[in-house]
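When a ligand or atom number is given, it counts from 1 through the structure's own listing order. Starting from 1, each residue takes its place in the sequence as its number.
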Amino acid sequence: MPTILVVEDSATMRQLIGFALKRIPEARMIESTDGVDALKKLSTEKIDIILADINMPVMDGLKLVSLVRGNPVYKNIPVIIITTEGAEEDKKKALAIGANAYLPKPIQTQDLIKLVNSFIS
Ligand SMILES: [Mg+2]
């Protein structure tokens, strides 16, 4: 049963992503509202993949990726970054610091499912 950590400050986006992830059989979604909250969840749950927004209060997605990659316990967890449409710099930065892939907003359900499946199956 894959556990997916969704890190996103917008409740609407979390809901939308959660709805899409229901198409992955047996997937369990854990929600976080920012990077610090995500680190807390990582310390208490076994996470198989992280889906993270970039722009968030408290700790943004890029900082989260660099901390995850710098931590020996978490460094191999796949990370998909959710980017704002056309934010080329953000995409490049995210991949450079160790994100595995990026998903542009507005999120297309099919793309999200395909990408997540490519890391968990
Ligand atoms: Mg945001």
Side-chain angles (χ1 to χ4, degrees):
M1 185 170 85
T3 302
I4 304 162
L5 178 62
V6 175
V7 194
E8 165 63 73
D9 59 317
S10 155
T12 309
M13 278 294 295
R14 287 199 307 275
Q15 200 175 21
L16 190 136
I17 292 167
F19 190 74
L21 291 178
K22 286 198 174 120
R23 296 205 197 175
I24 300 176
E26 311 218 315
R28 183 168 73 112
M29 175 172 114
I30 292 174
E31 298 183 28
S32 268
T33 51
D34 60 69
V36 170
D37 188 39
L39 290 172
K40 254 184 247 167
K41 300 278 161 64
L42 278 163
S43 70
T44 56
E45 305 267 358
K46 194 200 162 290
I47 304 296
D48 297 297
I49 182 164
I50 300 169
L51 228 71
D53 183 28
I54 289 192
N55 300 311
M56 295 182 291
V58 189
M59 184 195 290
D60 70 21
L62 294 176
K63 179 75 184 164
L64 174 65
V65 175
S66 57
L67 289 178
V68 164
R69 285 295 172 260
N71 184 310
V73 180
Y74 309 139
K75 68 175 171 36
N76 294 320
I77 301 175
V79 180
I80 300 172
I81 281 286
I82 302 162
T83 60
T84 307
E85 200 174 19
E88 294 301 323
E89 274 311 303
D90 283 349
K91 283 178 204 170
K92 273 187 226 159
K93 243 186 263 170
L95 295 175
I97 59 175
N100 297 76
Y102 61 86
L103 193 68
K105 289 180 187 174
I107 290 177
Q108 304 298 316
T109 300
Q110 292 304 333
D111 296 343
L112 172 66
I113 300 304
K114 221 195 278 178
L115 202 51
V116 170
N117 271 329
S118 74
F119 290 106
I120 59 175
S121 44

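You'll find the side chain of Leu5 stays beyond 4.5 Å of the side chain of Glu45, heavy atoms only. Contact of the Val58 side chain with the Asp37 side chain is not registered, since no non-hydrogen atoms from C-beta on lie closer than 4.5 Å. The shortest distance between side-chain heavy atoms of Pro2 and Ile49 does not fall below 4.5 Å. Side-chain atoms of Leu62 and Ile97, non-hydrogen and from C-beta on, do get closer than 4.5 Å to each other.
For the Mg ion (ligand 1), the set of protein N/O/S atoms nearer than 2.8 Å consists of Asp9 OD1, Asp53 OD2, Asn55 O, ordered by chain and number.
Here the closest non-hydrogen pair linking Ile113 and Ala20 is CD1-O, 3.0 Å. In this structure, Pro78 and Asp48 approach most closely via the heavy-atom pair CD-O, 3.2 Å.
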